[in-house]
Number of protein chains: 2
Amino acid sequence: MEKEFLTRGLEDEIQDLREMEDAIENWHPGSSVDCVILGYEKQKVKVLLLKMEFDDLRMLPGGMIPKNKDLRDAAYHVLKVRTGLESVFLKQFHTFGRKDRPSIMDNSFSEKGRQYLDHVKLNYPKYYDWMNRRYITTGYFALVDISKVKVEYSSGQMNEKYDWVAIDNIPDLIMDHDRIIRKCLDFIRVQLNYLPISMNLLPDEFTMKDLQKLYEAFLNEKLERSNFQRKMLKLGIFDRLKKKMSGAANKAPYLYRFDKDKYNELVKKGIGVL
Amino acid sequence: MEKEFLTRGLEDEIQDLREMEDAIENWHPGSSVDCVILGYEKQKVKVLLLKMEFDDLRMLPGGMIPKNKDLRDAAYHVLKVRTGLESVFLKQFHTFGRKDRPSIMDNSFSEKGRQYLDHVKLNYPKYYDWMNRRYITTGYFALVDISKVKVEYSSGQMNEKYDWVAIDNIPDLIMDHDRIIRKCLDFIRVQLNYLPISMNLLPDEFTMKDLQKLYEAFLNEKLERSNFQRKMLKLGIFDRLKKKMSGAANKAPYLYRFDKDKYNELVKKGIGVL
DNA sequence: TTACTATTGTATCAAAATAACACATTAAAT
DNA sequence: ATTTAATGTGTTATTTTGATACAATAGTAA
């Protein structure tokens, strides 16, 4: 019976669910974190979405709060489990606490999904009950370099696959995860000029054009090239390197590097966020 | 025994504590809200602080989250109970979730305070236990007109008196409430120009000088008078009224009124917050 | 080699926003 | 009527922003 829902093998799944049931008593009740992990690839801002193993539903990576862990560290843990990254930009942006926030069970599951849930309900009632409650979730967003991300085969649970999805093309998500992403992007847009987005989302060396495209992807509008360049350079947080061997038939652009020290000075002065 | 701690009378207190114990099962576990209720008086920004009945400790007004209420409405409820006001500006600013957030019991109580807590512990162990756990609290701030506030004799609990305290002179507070206030004020300072502070903190009619002093109180710096005036008028959200009969020996300043409709237009355009 | 192309780095100029200061106005005090 | 102190507004210089121009150059095609 169990086997047919379990692509990872019976033992693994039973092991995971048992561990979950045991872990429950070590979790802070009623609270969770969800992470909007953002990257940048092919001139698109993308968000890391998970896909449930037993259904086609997509979700943000999230997790519970261990009783002996800071809320922020719970978010960091999610990030590390999902991306393998540790010291990246991570920031709280909002806490979602509507009374009618749907639980993970409130989705329209496929036949297979429903069967899996019935299975869990029957065999792991404590875990099922725990998941089916109201949660107040705190949203964090992370800015990461996609090329450095190695998505681990994550700690069991109900999801497996993952995808980087462009923010202008988000599919249907479970619960209120679409709202969480929207709120996150609004938050970022408002304080874009005070965030070290190029430090995190771009590779170590990049051109002004790369930087501009990144801004345009977030703001969803075109910017004027020469004025943008002037503004960025005046910030004084970019180091200009040697020329780039651009394979294009035009003047080769300079490469730049984000200067963390100079950015930190701005943060100290109250400009910029960390 | 009970009487000696209870300034409000034995029956009231027992009634309250019993109600608390009964209410516990209707509260969302592990979460709370705290409200930084800000007003403006005598050219000072002030915050509403409560004082415990049985000790000299001060705290922010806060509360639990009823299971059938939105997080935001829980904050609204606190606001209404404490100020009698309903439709005022209220905004979430941060969620505090450190694992070592002190509980309300972790303060250095006076002899009287300790006796009271022992009393509660002995007679209302369920309530005592509930209060002594870890909470993840979400901070909201409200902007209110002090002159319109009528502090109700609040729903029991451990606090009674209240005070409007200038933000540049905050006394010691319980738990991490000082940190919550600091974070709140930082938040406000950053987006001061996008908040309708004059709508809420000032009386209906005010002078440019009043407005400037309010800004200066938040920013903690002097502003240049004529430039400030020009900037405010250009916003187009203030209606100029007749002259004021200022009792001072100088040219009488105009009175202004905050124009909610014009402000709402700005909000629609993405400028300003509601 | 040379001319051409597309894009870059920088300059220019007008418009708008900001900062510093000047000055005439006026309600109340004398 | 005169004085005083703060207000409403104006002026000027400085900085920032927006729009456009133009020379420089890596590659392409001849």
Side-chain angles (χ1 to χ4, degrees), chain A residues 42-43 189-194 198 202-203 205-216 219-259 266 269-272, chain B residues 42-43 189-194 198 202-203 205-259 266 269-272:
Chain A
K42 292 178 191 159
Q43 305 200 351
R189 262 188 283 274
V190 168
Q191 50 176 50
L192 191 58
N193 287 322
Y194 307 101
S198 48
L202 293 178
E205 300 184 352
F206 51 88
T207 66
M208 265 303 149
K209 182 158 205 169
D210 296 332
L211 189 60
Q212 185 178 344
K213 291 287 177 187
L214 175 59
Y215 272 75
E216 290 177 345
L219 296 171
N220 201 26
E221 66 177 302
K222 293 282 172 205
L223 301 173
E224 207 288 318
R225 182 185 61 85
S226 68
N227 293 331
F228 176 80
Q229 176 142 338
R230 185 179 44 181
K231 196 170 175 178
M232 288 299 120
L233 291 180
K234 197 170 47 181
L235 288 177
I237 56 174
F238 300 109
D239 299 325
R240 180 180 279 184
L241 309 178
K242 79 233 164 229
K243 293 275 185 178
K244 179 187 191 183
M245 280 90 69
S246 95
N250 52 39
K251 185 174 176 182
Y254 286 110
L255 284 172
Y256 295 89
R257 201 196 300 268
F258 187 89
D259 188 325
L266 289 189
K269 285 183 195 162
I271 314 158
Chain B
K42 292 179 190 157
Q43 305 202 347
R189 259 187 285 273
V190 168
Q191 52 176 52
L192 191 58
N193 287 323
Y194 307 101
S198 49
L202 294 177
E205 300 184 350
F206 52 87
T207 66
M208 266 303 148
K209 182 158 204 170
D210 295 332
L211 189 59
Q212 184 177 343
K213 290 287 176 187
L214 175 59
Y215 272 75
E216 290 177 344
F218 270 114
L219 296 172
N220 202 26
E221 66 178 304
K222 292 283 173 203
L223 301 172
E224 206 287 319
R225 182 184 62 85
S226 68
N227 292 332
F228 176 81
Q229 177 141 337
R230 180 158 41 103
K231 194 170 176 179
M232 288 299 119
L233 291 180
K234 197 169 47 182
L235 287 176
I237 57 173
F238 300 109
D239 300 325
R240 180 180 278 184
L241 309 178
K242 78 229 166 239
K243 293 276 187 177
K244 179 189 191 183
M245 281 91 70
S246 93
N250 51 38
K251 187 176 177 183
Y254 285 110
L255 284 172
Y256 295 88
R257 203 195 302 266
F258 187 90
D259 188 325
L266 290 190
K269 285 182 196 162
I271 315 158

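Just so we're on the same page: letters track the sequence lines, and every chain starts at 1.
Around atom CG of A:N220, no more than 12 heavy atoms belonging to other residues, nucleotides or ligands sit under 6.0 Å away. Remark: B:N250 CG is packed, more than 12 non-hydrogen atoms of other residues, nucleotides or ligands lying under 6.0 Å away.
Atom NZ of B:K231 is separated from atom P of D:dT9 by 19 Å (rounded to the nearest Å). At whole-Å resolution of the value, NZ in B:K234 and C1' in D:dT9 are 15 Å apart. The interatomic distance linking A:L223 (CG) with D:dG18 (P) rounds to 9 Å, in whole Å. Atom C1' of nucleotide D:dT16 and atom CG of A:L233 are separated by 16 Å, given to the nearest angstrom. Following rounding to the nearest Å, A:D210 (CG) and C:dT8 (C1') show an atom-to-atom distance of 13 Å. Taking atom CZ of residue A:F228 and atom P of nucleotide D:dA19, one finds them 16 Å apart after rounding to whole Å. In this structure, B:K251 atom NZ and C:dT26 atom P are separated by 6 Å, rounded to whole Å. When rounded to the nearest whole Å, the span between CG of A:N250 and C1' of C:dA3 equals 17 Å.
For C:dT10, one of the phosphate oxygens OP1 or OP2 lies less than 4.0 angstrom from a side-chain nitrogen or oxygen of A:R240.
Taking each heavy atom of B:P253 and B:T207 in turn, the nearest pair found is CG-CG2, 3.8 Å. In this structure, B:F218 and B:R189 approach most closely via the heavy-atom pair O-NH1, 2.9 Å.
Toward the 5' end of DNA chain C, the nearer of the two residues A:R225 and A:A249, judged by each one's closest nucleotide, is A:A249. For the pair B:L255 and B:R230, nearest-nucleotide mapping onto DNA chain D gives the more 5' position to B:L255. When the nearest nucleotides of DNA chain D are assigned to A:N227 and B:Q229 by heavy-atom distance, the more 5′-ward of the two goes with B:Q229.
Nearest to the side chain of A:P253, among C:dG9, D:dG8, D:dT7, sits C:dG9. Side-chain atoms of B:E224 lie closest to C:dA20 of the nucleotides C:dA20, C:dT26, D:dT16. Comparing C:dG9, D:dA6, C:dT18 by their closest approach to the side chain of B:K209 singles out D:dA6.
Remark: the A:S226 side chain and the D:dT20 base include a donor-acceptor N/O pair separated by less than 3.5 Å.
The shortest distance between side-chain heavy atoms of A:F238 and A:R257 does not fall below 4.5 Å.
Counting non-hydrogen atoms under 4.0 angstrom, A:K243 reaches nothing in the nucleic acid.
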